[in-house]
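Input: a single structure, listed below in structure tokens.
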Amino acid sequence: MPFTLEPSYDDNPRLQDLVVRLRAYLREELIPFERERGVTAESPLDRPTLEHVWKRSRELGFYGVSLPPELGGQGLSFQELCAVKEELTASGAALSHSVLGDMGGPLRAGAILKYATEHQLERYLMPVIRGERACCFSITEEDAGSDVRRMATTATADGDAYVLNGKKVFSSAAPFADFAIVVARMAGTEEAYSAFLVDLDTPGCTVLDGEVPMSGQRMEGDLVFDNCRIPAANLLGEIGQGLRIGIGRITLNRLLHCPSLIGAARRAWDLSLQYATNRVVFGQPLLAHQAIHHKIAEMATEIYAARSMVMATAAKADRGENVSVEANMCKLFTSEACFRVADQAVQIHGKAGLTRGNEVEQIFRSLRMFRIVTGTTEIHKNAIAKGLI
């Protein structure tokens, strides 16, 4: 079979069936749904639109598909999940982040299920899995990004409750979430951090519009806690487990972000090939020029290398092995490589690639962000070196 950037999974019938059905849903339902309503990657996200996607995706078996069967999923391996996540962004669908529950849904909450009590499962997490509620994860602060231990938000024990004070920023899904998973420092301590489930309509909790990132996507918010009193039953895990819950999730997320970046780069490659085929310059299609051949080849090679690296690491994670170094390597290489692909896509499109409203221009801005978000290039290098030396 000749090489193609659109993979098939003939050796895995379950995954192949899932990918074929997912491609059909994206192409025949979700993208037309977005076009009818004028939804773009930069549109404000409203709850009714998102709930439509959650419900339909759940009906088709996509929403929460990575969860174990007893929770309504298919128990996908990390390799299978990576394959599915790549397909989502490769489609170009603006709402692709809501099909599996990546934005406020099961993928956001799944990593914390093992810490939850029966009460927390029933009230908070199972409704998320069913697409009835949405959550956000709040650990980052203005002065505590990569250096998370500088966080200033505190939790003070007060009888049968905890009182939160502080501010969290860059909380993805906060604008439409029902509750947040908040990591805070225990008051009066230097190194004790705990995680809490906080209903966002609790008195003393305010959700503010977040800064609009360079991608233009309006999916982040800030959370302000002013003597916000929450029940002691909302402590997630044990006192002092907050960073384990938060950073453990972040480490895995660094790997699982990679296929989404690869899918976006693949979309940029597809758009570039289409443009170069149809654009005529000096009497020939742009694609006839050797300089464009070289760019197309380099872009495809970057995507293939990133995918191979991510899939190898996912396979190791599926075997239960420690992938902390490899996950950082994947995020480092993939974020840089996929941005190079987007940069070449803009170059191929010329002035059209610099124009707001052109899809490759938005992909370029989005992929540039991931050299910083979920860990900067420099932080990944530090983590890799620390794990090797």
Residues 195-217 vs salt bridge (charged side-chain N to carboxylate O under 4.0 Å, His left out), sequence neighbours excluded, gives R123-D199, R133-D199

Across all chains, not counting sequence neighbours, the side chain to side chain donor-acceptor pair (under 3.5 Å) partners of N12 are E80

Residues 88-106 vs side chain to side chain donor-acceptor pair (under 3.5 Å), sequence neighbours excluded, gives K85-D102

The side chain to side chain donor-acceptor pair (under 3.5 Å) partners of T277 (sequence neighbours excluded) come to none

So the side chain to side chain donor-acceptor pair (under 3.5 Å) pairs with at least one residue in residues 228-243 (sequence neighbours excluded) are Y124-N234, D158-R229

Between side-chain atoms of residues 344-354 and protein atoms elsewhere (two or more places apart, or another chain), which donor-acceptor pairs fall under 3.5 Å?
residue	atom	partner	partner atom	Å
Q344	OE1	K295	NZ	3.0
Q344	NE2	E298	OE1	2.9
H349	ND1	A345	O	2.9

Minimal heavy-atom distance between V323 and A317, with the atoms involved, is CG1-N, 3.7 Å

Cluster membership besides I239, Ile/Leu/Val/Met/Phe/Trp/Tyr side chains within less than 4.5 angstrom, sorted by chain and number, is Y162, L164, V182, M186, F196, V198, L200, V207, L223, F225, I230, L235

Applying side chain to side chain donor-acceptor pair (under 3.5 Å) to R307 and not counting sequence neighbours gives E86

Sorted by chain and residue number, the salt bridge (Lys or Arg N to Asp or Glu O under 4.0 Å) partners of E378 (sequence neighbours excluded) come out as none

Contacts of Q274 meeting side chain to side chain donor-acceptor pair (under 3.5 Å) (sequence neighbours excluded), chain-then-number -> none

For F333, the other hydrophobic cluster members (4.5 Å side-chain criterion, sorted by chain and number) are M309, V325, M329, L332, I384, L388

The salt bridge (Lys or Arg N to Asp or Glu O under 4.0 Å) partners of E361 (sequence neighbours excluded) come to R356, R365

